[in-house]
Amino acid sequence: MPVLQYREALNLAMSEEMERDDRVFLMGEEVAEYNGAYKVSQGMLDRFGPRRIVDTPISEAGFAGIGIGAAMVGLRPIIEFMTYSFSFVAFDQIVNNAANMRYMSGGQFSVPIVFRGNAGMAGSLGATHSHRPEAIYAHFPGLTVVMPATPADAKGLLKSSIRSDDPIVFIEHENLLGDKGEVSDDPEFLIPIGKADVKREGSDLTIITYSRSVITSLKAAEQLAEEDGIDCEVIDLRTIRPLDIETLIASITKTHRAVIVEENWPYCGVGAGVADRLYRTIFDELDAPIGRVFTKDAPVPYNKAMEQSMLPSGASIRHEVRSILGI
Amino acid sequence: MPVLQYREALNLAMSEEMERDDRVFLMGEEVAEYNGAYKVSQGMLDRFGPRRIVDTPISEAGFAGIGIGAAMVGLRPIIEFMTYSFSFVAFDQIVNNAANMRYMSGGQFSVPIVFRGNAGMAGSLGATHSHRPEAIYAHFPGLTVVMPATPADAKGLLKSSIRSDDPIVFIEHENLLGDKGEVSDDPEFLIPIGKADVKREGSDLTIITYSRSVITSLKAAEQLAEEDGIDCEVIDLRTIRPLDIETLIASITKTHRAVIVEENWPYCGVGAGVADRLYRTIFDELDAPIGRVFTKDAPVPYNKAMEQSMLPSGASIRHEVRSILGI
Amino acid sequence: MAHAETDVTPITTRTQALEWLRQMLLIRRFEERSAMLYQNGKIGGFCHLYSGQEAVAVGSIGMLREDDYVITAYRDHGHALARGMDPKAGMAEMLGKAAGCSKGKGGSMHFFDAENNFLGGHAIVGSHIPLAAGVAFAAKYRGGDQVCLCYFGDGAMDQGALHEAFNMASLWKLPVIYYVENNFMSMGTHLHRHSCLMDLTIRGGTAYGMPGTAVDGNDIEEVARVTKEAIDRARAGEGPSFIEARTYRFRGHSMSDPMKYRTREEAEKARERDPIILFESLLKERGWIEESAIEELHDAIKQQIDDAIEFAAEAPEPPVEDLYNDITVAPHIPQE
Amino acid sequence: MAHAETDVTPITTRTQALEWLRQMLLIRRFEERSAMLYQNGKIGGFCHLYSGQEAVAVGSIGMLREDDYVITAYRDHGHALARGMDPKAGMAEMLGKAAGCSKGKGGSMHFFDAENNFLGGHAIVGSHIPLAAGVAFAAKYRGGDQVCLCYFGDGAMDQGALHEAFNMASLWKLPVIYYVENNFMSMGTHLHRHSCLMDLTIRGGTAYGMPGTAVDGNDIEEVARVTKEAIDRARAGEGPSFIEARTYRFRGHSMSDPMKYRTREEAEKARERDPIILFESLLKERGWIEESAIEELHDAIKQQIDDAIEFAAEAPEPPVEDLYNDITVAPHIPQE
Ligand SMILES: Cc1ncc(C[n+]2csc(CCOP(=O)(O)OP(=O)(O)O)c2C)c(N)n1
Ligand SMILES: Cc1ncc(C[n+]2csc(CCOP(=O)(O)OP(=O)(O)O)c2C)c(N)n1
Ligand SMILES: [Mg+2]
Ligand SMILES: [Mg+2]
């Protein structure tokens, strides 16, 4: 299988789907002539032309709405936010028009749209440019929230998202864009939405995580195995809404302990949302409270060391795992 | 003590603070000549004149930002959203400019502003007009989220919010506006932000709730006492961020069981956020998982019966309390 | 008619004109009865009546082809009916019934009718204005010559979404026609208190390099005429247009508005320019209809609305379990 | 000077002119060295240089009183320094130090300086435009005659927040001056691909009933002249103005922009109109400065920036625990 960067996998997913279906187009800031602010759409203008690869003004609410309108009458837009921090000026379009259209119209108008772009704390970007919006969008019924951690998942999930008939909030991570991995070149390689993935099998404790934190967690799990003989299972949620709770239950029924690792803020975030559902489903299976490693509860500062101190790290994951195991 | 409506208590709080401090002004759609879309600002234009009671165009992002700018240079704006559903077009202003300004400026510019208005499912308003944004705003460090359930709390908390030097998201409930109760006419009557209130003492189980659900919960608690001999403590959070976890701990340490009742959606909402923190703090005090009564996970429909079926009700609260008590 | 008279040739045929009159009467009656049902508690939520503005929807939608698109704000009954929605489906929606045009999930503010390319019914002020550009984008993308007609009020001129959509619509020459129905009131706020300019054609046209035309919104044939120009332009690939239809809403902003900001005299004077009465007079003058036929039309419409109400009243409520349907095309898995 | 020459009287005195030259040189040098520090990994995040546009900030801020206000976007070093920020505080911020103008929490895009009424440094495009109206609202509310100068790029013309703020600023006659620094590029997108009109004075002025003036942004005295008119107008209570300063950014959008959209010729040609060189020539022509004095000025500034860098490099990092400080005035209680 070819080895691709995460960004190349995204590019491949879009390009294959655009070959397959003329209704699919890509729209956003700098996606065309600049080849993408993060080079995700590199070469796509040359390949598909300006009808289908569309540069926009800095008008997120406007072009998110244009995408929704186009989707209502049968196109299948991919709307790129340069980063998801900028989706907040388009918030109403996403949580009202995309999320509610099918419902409010009694099922007459669906919105087959993919919003995509990166999010996360990419390093010294400051408070306004480091948002992690997953919990916020996952709060809304009507939206599906997908967050791949690897190049293969990026391709397979983005293709499924483009083929989905519903509005998808597809969130990449800026710091994963250059990560490399094997990616199938089968144009029918799809990863189902709503299915978590056991990225490492283990028997002592279940680490539940997603996006960049999957990488950090896998490393921590290796170190825990080597240094402490602790065997962690690492589950990549991949889809935040709907949550694949069955996979989590199966794992915790085996390990009886869990730690959630996320780049999200702790309060009313994804970790809290997942923990709450697990407690209510399998309280009696749990031998300890669900551990949590998250981004500290503060705006994101510019200073590098300070920012780094907020984030889940190998050390903080290992510490939490040990503490949940009572070691 | 005089008996006032919740809306009158809000009016009194604003009027007293405006008398006290010329830097305070009220701005929003229809607040002046129309006397408020929900009559909260009744008579205030006559009393304070158009300099301080300011009607705006339908430009929420614009006038939220105007409030923030004015606050940065020393005024103390009260910005009314006709309903909080409309705050979503001003989302960036609230979660970036209000929430981060002090931090990004290294403490130089604080933002003493109150955003206020009603939220909640007021009845057949449909999906776009029935949002409950509390979990979303509570997710952001930098914001304080306040939600009064009674006329007295409405007055005391709004006054404290206006006097606060920080950005406050003050969320009223449309269906509480006409509720009556005793309200102190002392212009120094303040209720501290960040303090929950035990609205009913009890020993068997702790009901944790806020806003309109306080009323529903208190009724359910009475009925549980009468019909089942179950003695519930009912705690009104009043402030969603920061959470008064001490008061919750004290209660659960006594009752060992809790149910959270909220009008919020369940996933990544306030209930999940509070439950997660309780489990991590007092896991061993809990004899059962924390029960949850919430709004069902669907957009809000127009049809009355369908909407009603989503909401926490006396019956659903009683059912959940009994089930957590294993009865 | 001789060619010398071209400049006074009506924009419409007699058949179409009579159909327009019928539509205006239908809308008026639909809403008058809705107001009563609202007062009796049969209709809930917010309800915004279109009475007084009927000529705008009817005269402009009347110039469309079947495959064109229409989208509007929450004051939507008029546009939906003008676009051919069955009043039974509309009335059933008002009563929240399963047979409603949005299955009882949308209500008065969210009428939808896919068969007639009627794309709602949108209640967040300004938020549908980008959608209209998107619909036009799709038409152009597919290489067709459909156009999209988009309506909103003078208050929506002040929302940022409009600004962003207008710039892109003009930049990309999208086949969309933006119609501000300027009734000079944004809820209780008069235009001069919410808009920096009184001439909206500058704010909506000049500002974006689009043709901006003001029209008497109570003169249905003038509405039709300026709409036709805009449609022709859009179909020819020359881009969007902005039309300011100046009009008056007879009723309050919504059913709960006591209209303290108006004098009785103002309201009465406005009724003299009722677009229905104006059009009836014109048609009579022109000899296209007689008084007796008008009365028959009124009666027929009364009956039609009575039937719609009866249908709606008797229609079953949606089952409560329907709460979880129509959320997504994929099965909805409640996250509870 | 005789009164007959009034129309060629410079807008500025010799002392002020020399100060302006000094400021432009300071900004230029500050940024050239910042670019090197960025390439060496000492500066992180996004970093947007102002080189080529200095005359806009210096010539306009130069006309303000001390008690007036300035607010801008993320391309903010120039405005901050022109407003009197100590380059040491600026450079320390670039390096994320506690002595930085925002205590190392803001970085390049979020310079703040309360003492100089410099209100940031804002990185969400368009989002500070309403803040400026709010600052002006406050000035008017208090009955003073302060004004607020607000800068943004041509790309920000397309954001909804601008539209909403402009309408209210004009409607309420707020003392704010809106300055679009039109460098004809929104990141990699040329004006003709993002704006429906090429003349921004129509989009920003005419559209909102504000005076809209275009000015050569590389001609510092012209900038000063049109700014003064706008300031006078604002102080007199006559409301906001819109100024389009046409200019050119010499560098890429940010440090990571390879500028593939430009030819070497275009860039070289633009350098011929370097606002600093233009102003130096003018001052020499006018006999206000000699070549040798210019060289001395360059050297002094070199030294000043060297000192700033040394200061910043040696300044201590903020303690990591400072993470939880400066969030709110009330004690921050982490919700963990
Ligand atoms: C973003 C937003 N803000 C406020 C409202 C509340 N609201 C509904 S209609 C309306 C007035 C709109 O006036 P206009 O656009 O002139 O339309 P008209 O009602 O006259 O048809 C307001 C303020 C809303 N629905 N959405
Ligand atoms: C809402 C939002 N969208 C996108 C961006 C990313 N972005 C930052 S600057 C910029 C271009 C701005 O161009 P312009 O306004 O002309 O200012 P200039 O950079 O030329 O000074 C873009 C797209 C952002 N910061 N905020
Ligand atoms: Mg109106
Ligand atoms: Mg620019």
Side-chain angles (χ1 to χ4, degrees), chain A residues 29-39 50 54-63 65 82-83 85-90 92-93 121-131 265-269 271-272 292-310, chain D residues 43-47 74 93-98 100 102-110 121-127 153-161 186-190 193-196 253-254 256-258 260-261 317-327 332-336:
Chain A
E29 291 157 16
E30 309 294 347
V31 296
E33 299 205 0
Y34 200 84
N35 284 292
Y38 296 90
K39 304 300 162 207
V54 186
D55 275 334
T56 66
I58 314 180
S59 306
E60 285 82 358
F63 66 75
M82 191 180 285
T83 87
S85 286
F86 310 147
S87 74
F88 288 173
V89 292
D92 169 65
Q93 289 293 336
M121 291 161 58
S124 290
L125 300 186
T128 59
H129 276 52
S130 304
H131 285 292
W265 278 313
Y267 192 46
C268 305
R292 304 261 273 102
V293 184
F294 42 69
T295 289
K296 287 189 182 159
D297 189 48
V300 180
Y302 169 71
N303 179 277
K304 218 174 229 162
M306 215 185 278
E307 180 183 10
Q308 209 56 40
S309 79
M310 304 176 77
Chain D
I43 295 174
F46 293 137
C47 180
Y74 46 86
E93 188 62 31
M94 300 294 264
L95 301 191
K97 300 301 181 71
S102 306
K103 290 197 194 164
K105 285 179 168 148
S108 161
M109 301 197 289
H110 306 112
H122 296 272
I124 299 294
V125 168
S127 79
D154 49 297
M157 293 297 303
D158 309 330
Q159 269 284 331
S186 169
M187 204 166 156
T189 305
H190 191 276
R193 294 201 300 116
H194 77 74
S195 174
C196 57
H253 167 69
S254 71
S256 58
D257 175 6
K260 292 200 180 145
Y261 46 82
E317 292 269 329
V320 167
E321 308 77 61
D322 201 35
L323 178 69
Y324 290 122
N325 296 330
D326 303 317
I327 300 176
H332 174 65
I333 305 165
Q335 300 298 294
E336 301 172 353

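Every chain is numbered from 1, with letters handed out A, B, ... down the list of sequences.
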Counting heavy-atom pairs under 4.5 Å with chain D, the top scorer among I58(A), V300(A), L125(A) is I58(A)
With a 4.5 angstrom heavy-atom cut-off, could you sort out which part of F46(D) is near chain A: side chain, backbone, both or neither?
both
So does P266(A) get a backbone contact from the side chain of E336(D), meaning a donor-acceptor N/O pair under 3.5 Å?
no
Short question: side chain of S59(A), backbone of D158(D) - any donor-acceptor pair under 3.5 Å?
yes
I need the minimum non-hydrogen distance between L323(D) and M310(A), along with the two atoms involved.
CD1-CG, 3.4 Å
From S127(D) atom OG to F86(A) atom CZ, the distance as rounded to the nearest 0.5 Å
10.5 Å
Closest heavy-atom pair, V320(D) versus M306(A), reported as atoms and distance to 0.1 Å, is O-CG, 3.7 Å
Chain A contact via I327(D) - which portion, at a heavy-atom distance below 4.5 Å:
side chain
Which atoms form the tightest heavy-atom contact between E317(D) and A305(A), and what is the distance?
OE1-CB, 4.5 Å
For K296(A) and Y324(D): C-alpha separation, side-chain torsions, deciding distance, then whether side chain to side chain contact (heavy atoms under 4.5 Å, CB included) applies.
CA-CA 9 Å; K296(A) 287 189 182 159; Y324(D) 290 122; 3.3 Å; yes
So, the side chain of H332(D) versus the backbone of D297(A): is there a donor-acceptor pair under 3.5 Å, distance only?
yes
Can you tell me if K304(A) has over 12 outside heavy atoms packed within less than 6.0 Å of its NZ?
no
Nearest-0.5 Å distance, CE of residue M94(D) to OG of residue S124(A)
12.0 Å
Contact origin within I43(D) toward chain A - heavy atom pairs under 4.5 Å
both
By a 4.5 Å heavy-atom criterion (distance strictly below it), what part of D326(D) contacts chain A: side chain, backbone, both, or neither?
neither
Are side-chain N/O atoms of T189(D) and E30(A) paired as donor and acceptor at under 3.5 Å?
yes
Quick check for you: among F88(A), W265(A), F294(A), which has the greatest number of heavy-atom pairs under 4.5 Å with chain D?
F294(A)
Is the side chain of Y302(A) donor-acceptor paired with the backbone N or O of G44(D) at a distance under 3.5 Å, no angle test?
yes
Given N303(A) and K97(D), is the side chain to side chain contact (heavy atoms under 4.5 Å, CB included) satisfied, shown in steps?
CA-CA 7 Å; N303(A) 179 277; K97(D) 300 301 181 71; 5.8 Å; no
Count the heavy-atom pairs under 4.5 Å between each of P301(A), A272(A), G269(A) and chain D, then report the option with the highest count.
P301(A)
So, do M187(D) and Y34(A) sit near enough that their side-chain heavy atoms are less than 4.5 Å apart?
yes
For H110(D) and T128(A), run side chain to side chain contact (heavy atoms under 4.5 Å, CB included): C-alpha distance rounded to whole Å, both residues' side-chain angles, the deciding distance at 0.1 Å, then the answer.
CA-CA 10 Å; H110(D) 306 112; T128(A) 59; 3.6 Å; yes
